Amino acid sequence: DSGVTQTPKHLITATGQRVTLRCSPRSGDLSVYWYQQSLDQGLQFLIHYYNGEERAKGNILERFSAQQFPDLHSELNLSSLELGDSALYFCASSPQGQGKHTQYFGPGTRLTVL
Amino acid sequence: GENVEQHPSTLSVQEGDSAVIKCTYSDSASNYFPWYKQELGKRPQLIIDIRSNVGEKKDQRIAVTLNKTAKHFSLHITETQPEDSAVYFCAAKPNFGNEKLTFGTGTRLTIIP
């Protein structure tokens, strides 16, 4: 167990819908990263938040948005869902200081768009 | 930006033999190189990492080597066991700013009993 939690575990929805994925980082970690992993694919970086501020963006679609709240949990919002958005979505957190580059992954949310 | 290439994409080895996975990176500013293991449907788990001030690091049956001049690093697993079967990802990251962790495309390792 990495200490990073994600809810829900599974999400099944229809095309055109909107969903919210939630992530709670490890205690004390200020950074949260979101990744998308499609079937048998690698990890595609979406976005990085640090202490409530957006720090870096990857290949994140305009239909997707994220935020990090004062209690440091983060939400990834996916709207106008398409079949191709079906994937595993992981968040990861990293500590400050010496180990700041190490990312600890949550269990993921499996999104299925029908 | 950083580009990480990983080879091979699939690897099968007999139980007890060694497995080697290789990665190359493009950005000379990268100096943090982790390796993650991902079992089917599970989260990626950090198994070992290395920083550029070190050429090799070992942890029991796992070792990572780094050649900064050639910009490549490798994962070595010795005395492989069935539970080593998984997908392995390498990654690279510069030690400054908000640069992201760039992942390789993964290697599916299968240990044959």
Side-chain angles (χ1 to χ4, degrees), chain A residues 1-7 9-10 23 25-26 29-51 53-60 68 87-112, chain B residues 1-10 21 23 25 27 29-54 57 59 64 66 73 86-110:
Chain A
D1 185 1
S2 65
V4 179
T5 61
Q6 288 186 250
T7 56
K9 270 190 167 181
H10 303 277
C23 168
R26 298 184 331 149
D29 288 359
L30 301 182
S31 273
V32 170
Y33 306 81
W34 285 97
Y35 293 88
Q36 179 193 57
Q37 187 176 42
S38 301
L39 189 63
D40 284 340
Q41 298 293 309
L43 292 152
Q44 298 299 317
F45 169 72
L46 296 177
I47 200 163
H48 168 210
Y49 275 84
Y50 176 83
N51 201 21
E53 290 187 6
E54 180 187 304
R55 284 298 181 93
K57 263 187 175 179
N59 297 324
I60 187 166
Q68 187 179 27
L88 263 171
Y89 290 84
F90 289 102
C91 77
S93 73
S94 62
Q96 301 177 81
Q98 186 77 5
K100 65 183 176 181
H101 303 299
T102 304
Q103 293 187 19
Y104 298 92
F105 282 77
T109 292
R110 182 174 293 280
L111 173 67
T112 302
Chain B
E2 176 64 277
N3 181 50
V4 177
E5 294 191 359
Q6 183 172 347
H7 300 280
S9 56
T10 61
I21 303 170
C23 289
Y25 61 98
D27 189 347
S30 286
N31 62 358
Y32 173 66
F33 308 94
W35 285 88
Y36 286 84
K37 174 184 179 182
Q38 187 180 28
E39 296 174 10
L40 190 63
K42 301 276 183 72
R43 65 183 175 93
Q45 282 188 278
L46 179 71
I47 55 171
I48 195 166
D49 58 13
I50 192 168
R51 286 171 169 77
S52 61
N53 56 345
V54 175
K57 184 176 178 180
D59 183 3
V64 57
L66 171 65
F73 56 113
V87 177
Y88 291 80
F89 291 97
C90 63
K93 182 185 184 297
N95 186 29
F96 59 82
N98 303 314
E99 291 299 319
K100 62 185 174 67
L101 199 55
T102 301
F103 283 86
T105 49
T107 296
R108 183 175 299 279
L109 174 63
T110 302

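Lettering follows sequence order; numbering is per chain, from 1. None of these values were measured; they are calculated from a predicted model.
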**Request:** Below 4.5 Å from any heavy atom of chain B, which atoms of Tyr35(A) appear? Answer side chain, backbone, both or neither.
**Result:** side chain

**Item:** Interface moiety of Gln37(A) toward chain B, non-hydrogen atoms closer than 4.5 Å
**Value:** side chain

**Request:** Go through Gly106(A), Ser2(A), Gly108(A), Gly42(A) and name the one with the most non-hydrogen pairs under 4.5 angstrom from chain B.
**Result:** Ser2(A)

**Asked** In terms of heavy-atom proximity below 4.5 Å to chain A, should Pro44(B) be classed as side chain, backbone, both, or neither?
**Response** both

**Request:** Check each atom of Gln45(B) against the heavy atoms of chain A and say whether the ones under 4.5 Å are side chain, backbone, both or neither.
**Result:** neither

**Prompt:** Would you find more than 12 non-hydrogen atoms of other residues, nucleotides or ligands less than 6.0 Å from Asn53(B) atom CG?
**Reply:** yes

**Request:** Could you tell me whether Arg110(A) atom CZ has more than 12 heavy atoms of other residues or ligands within 6.0 Å of it?
**Result:** no

**Item:** Spatial distance of atom CZ (Phe45(A)) from atom CG (Leu101(B)) [nearest 0.5 Å]
**Value:** 9.5 Å

**Item:** Separation between CG of Leu43(A) and OG1 of Thr105(B), rounded to the nearest 0.5 Å
**Value:** 11.0 Å

**Request:** Show your reasoning for whether side-chain contact (heavy atoms from CB on, under 4.5 Å) applies to Tyr36(B) and Gln103(A).
**Result:** CA-CA 10 Å; Tyr36(B) 286 84; Gln103(A) 293 187 19; 3.5 Å; yes

**Prompt:** Among all residues two or more places apart in sequence or in another chain, which pass the salt bridge (charged side-chain N to carboxylate O under 4.0 Å, His left out) test with Lys57(B)?
**Reply:** Asp49(B)

**Prompt:** Going through the checks in order, is the side-chain contact (heavy atoms from CB on, under 4.5 Å) test met by Thr102(A) and Tyr32(B)?
**Reply:** CA-CA 9 Å; Thr102(A) 304; Tyr32(B) 173 66; 3.1 Å; yes

**Item:** Shortest non-hydrogen separation from Arg43(B) to Pro107(A) and the atoms involved
**Value:** CB-CA, 4.0 Å

